[in-house]
Amino acid sequence: MMRVRFPLLVLLGTVFLASVCVSLKVREDENNPFYLRSSNSFQTLFENQNGRIRLLQRFNKRSPQLENLRDYRIVQFQSKPNTILLPHHADADFLLFVLSGRAILTLVNNDDRDSYNLHPGDAQRIPAGTTYYLVNPHDHQNLKIIKLAIPVNKPGRYDDFFLSSTQAQQSYLQGFSHNILETSFHEINRVLFGEEEEQRQQEGVIVELSKEQIRQLSRRAKSSSRKTISSEDEPFNLRSRNPIYSNNFGKFFEITPEKNPQLRDLDIFLSSVDINEGALLLPHFNSKAIVILVINEGDANIELVGIKEQQQKQKQEEEPLEVQRYRAELSEDDVFVIPAAYPFVVNATSNLNFLAFGINAENNQRNFLAGEKDNVVRQIERQVQELAFPGSAQDVERLLKKQRESYFVDAQPQQKEEGSKGRKGPFPSILGALY
């Protein structure tokens, strides 16, 4: 019972904390096990003048608390206009999401190929072993893509197998013996790899295309469907339906495994959230999904509340549980992990957009702790509220009803109020969302 009570007390207000014996620890940015800063958490796999590919460090290497994410990796891809990421496959399933720009994604099968025009908000699963290539057909705009990778051979590790032989890497075909290549192909070195004495033409796996090449590649590309989100094998758009939560302060778009077979196979939900500058996504927690949050645009502050792991003690009596607050200031490309059941809140310090991958997502329930709608605390019976909190049931009910908004609220009045009281810090207390 104590494990359920303490996080609620922290979130319901200082009036309830007066008589509770809890030691609140705060974990700031540098030692925060759930925060992966873009500047020092990504490894560059490839980079040239046409683009780059970066891989986020393994989650379980960041902290043992992220062990359940050891089989997942985050990949960031960016390319300049009029370029192509050359054909390759990997020993991993990918869930690809377009953050900005336009793309032509081509998936190659044994007897055919499918090409799709992708726009911001489009998502597509790429099954392990599928050969694919990506074109940025735009004349001026960069392409930015995020991928969730799920390796199939080794936990947390996968390999890309490129057909092309470039200055950056060899073609995987070159791994076969000369006799095998000569039997399978004719003039293998000259046609596929060039003569040995010749310098390889391509500098890397992201190369420039001519306007005519782009025009030819665009001819068969189909656009993703804006009418449905339930396609089994075609791209779907996360913003093709109305947001599940929306008001003047923000919008929350989401597709769950129950609504899309590609996500059902991976047991993942996808969310895209817009929050206006100075607004707050109210405190809430996910019942079973582990959320990987990726900042696309803007800046934000986040607070996450958990129970501090207790060290084994020689004392016979039970020590009080310690609540631990994890805080971080997030910027573009930063990643933050939110474990299941951990309450958290996001404050946008500029206009903000973030993407979220929900792992273990089937039948997940989102439980808000403040606001008028979907508030799990308001569903607790008055008799139980009187037992759980020092205040009377009437006081608890009055406190909970004071917040008339739901999901997103304006945090600026609270910031101004705190400023008038001499408090410091860029983040408005999560307690303020309840008043």
Flag the pair N360 / I290 as yes when at least one side-chain heavy-atom distance between them is below 4.5 Å, and no otherwise.
no
I'd like to check N136 versus N82 (side-chain heavy atoms, cut-off strictly below 4.5 Å). Are they in contact?
no
Decide, yes or no, whether a salt bridge links R220 with D112 under the criterion of side-chain N to carboxylate O below 4.0 Å.
yes
Give a yes or no answer on whether the side chain of N48 reaches the backbone of I206 with a donor-acceptor pair at less than 3.5 Å.
yes
Backbone N/O of S406 and side chain of N247: donor-acceptor pair under 3.5 Å:
yes
Please check: side-chain N/O of T83 versus main-chain N/O of K80, any donor-acceptor pairing under 3.5 Å?
yes
Side-chain donor/acceptor of S218 to backbone N/O of I214, under 3.5 Å
yes
Less than 4.5 Å apart, any side-chain heavy atom of V291 and any of F357?
no
CA sep, side-chain torsions, deciding dist, call: F94, Y158, ring-ring contact (aromatic ring centres under 6.0 Å, His included)
CA-CA 11 Å; F94 293 113; Y158 74 91; 5.5 Å; yes
Salt-bridged, D374 to R366, with N to O below 4.0 Å?
no
Is a donor from one side chain sitting under 3.5 angstrom from an acceptor on the other, for Q78 and N142?
no
Close side-chain approach of L352 to D299, heavy-atom, < 4.5 Å
no
For the residue pair R125 and Q262, confirm or rule out a side-chain donor-acceptor distance under 3.5 Å.
no
Approximate separation, where rounding is to 0.5 Å, of E208 CD and N50 CG:
5.0 Å
Please say which of Y326, F354, F344 ends up in a side chain to side chain contact (heavy atoms under 4.5 Å, CB included) with I302.
F344
Listed partners of F368 passing ring pair (Phe, Tyr, Trp, His ring centres under 6.0 Å), at least two apart
Y245, H284, Y407
Please determine whether side-chain contact (heavy atoms from CB on, under 4.5 Å) holds for the pair L95 and I268, giving the CA-CA distance in whole Å, both sets of side-chain angles, and the decisive distance to 0.1 Å.
CA-CA 9 Å; L95 182 57; I268 289 171; 4.0 Å; yes
Under the side-chain contact (heavy atoms from CB on, under 4.5 Å) criterion, do I84 and L86 qualify, and how do the steps go?
CA-CA 6 Å; I84 182 173; L86 293 171; 4.2 Å; yes
Side-chain heavy-atom pair F97, L118 within 4.5 angstrom cut-off:
no
Side-chain donor/acceptor of S246 to backbone N/O of P243, under 3.5 Å
no
Do the side chains of D139 and K211 get nearer than 4.5 Å, heavy atoms only?
yes
Using a strict cut-off of less than 4.0 Å between a Lys/Arg side-chain nitrogen and an Asp/Glu carboxylate oxygen, indicate whether D274 and R239 qualify as a salt bridge.
yes
Can you see which heavy atom on L66 is nearest to which on F34, and at what distance?
CD2-CD2, 3.7 Å
Starting at CZ of R62, measure out to CG of L69 and round the result to the nearest 0.5 Å.
13.5 Å
Hey, does F236 have a side-chain heavy atom less than 4.5 Å from the side chain of N260?
yes
Apply salt bridge (charged side-chain N to carboxylate O under 4.0 Å, His left out) to the pair K144 and E332, showing each step before the final yes or no.
CA-CA 12 Å; K144 184 177 180 182; E332 184 177 341; 3.0 Å; yes
Report yes or no: does N109 contribute a side-chain atom to a donor-acceptor pair with the main-chain N or O of D111 at less than 3.5 Å?
no
Does the side chain of F59 reach to within under 4.5 Å of the side chain of I292, using non-hydrogen atoms?
yes
I'd like to know if the side chain of Q169 and the backbone of S164 have a donor-acceptor N/O pair within less than 3.5 Å.
yes
Between E303 and R327, is there a salt bridge with N-O shorter than 4.0 Å?
yes
Between Q124 and D122, is any side-chain donor less than 3.5 angstrom from a side-chain acceptor?
no
Rounded to the nearest 0.5 angstrom, the CG-CZ distance for N276 and F249 is 8.0 Å
Pair R264-T256, side-chain donor/acceptor within less than 3.5 Å
no
Can you see which heavy atom on I275 is nearest to which on L280, and at what distance?
CG2-N, 4.4 Å
Please indicate whether K251 has more than 12 foreign heavy atoms, meaning atoms of other residues, nucleotides or ligands, lying under 6.0 Å from its NZ.
no
Would you sort out whether D267 and K288 count as a salt bridge (charged side-chain N to carboxylate O under 4.0 Å, His left out), showing the intermediate values?
CA-CA 12 Å; D267 196 12; K288 57 178 294 190; 5.7 Å; no
Between Q174 and S165, do the side chains contain a donor N or O and an acceptor N or O under 3.5 Å apart?
yes
Looking at D91 and R157, does any basic side-chain N land under 4.0 Å from a carboxylate oxygen?
no
Specify the closest pair of heavy atoms between L143 and R102, including all atoms of both residues, with the distance to one decimal.
CD1-O, 3.3 Å
Quick check for you: to the nearest 0.5 Å, what is the distance between R73 atom CZ and Q57 atom CD?
8.5 Å
Could you state the interatomic distance from CG (L293) to CD1 (I338), rounded to the nearest 0.5 Å?
5.0 Å
d(F162 CZ, Y133 OH) to nearest 0.5 Å is 14.0 Å
Is there a side-chain contact (heavy atoms from CB on, under 4.5 Å) between D93 and L266 once you walk through the steps?
CA-CA 9 Å; D93 286 310; L266 301 174; 4.3 Å; yes
Tell me whether the count of non-hydrogen atoms from other residues, nucleotides or ligands lying under 6.0 Å of CZ in F176 goes above 12.
no
Are R58 and D71 within salt-bridge range, i.e. N to O under 4.0 Å?
no
Using a strict threshold of under 4.0 Å (side-chain N to carboxylate O), is an ion pair present between E234 and K222?
yes
Verdict with supporting geometry, Y132 and H89, ring-ring contact (aromatic ring centres under 6.0 Å, His included)
CA-CA 6 Å; Y132 71 98; H89 70 270; 9.5 Å; no
Checking side-chain polar atoms at under 3.5 Å, does E254 have a donor or acceptor matched by the opposite partner on S271?
yes
Apply side-chain hydrogen bond (donor to acceptor under 3.5 Å, both in side chains) to S79 and R52, showing your working.
CA-CA 7 Å; S79 65; R52 70 179 184 183; over 6 Å; no
Of all heavy-atom pairs linking Q65 and P33, the shortest is OE1-CG, 3.3 Å
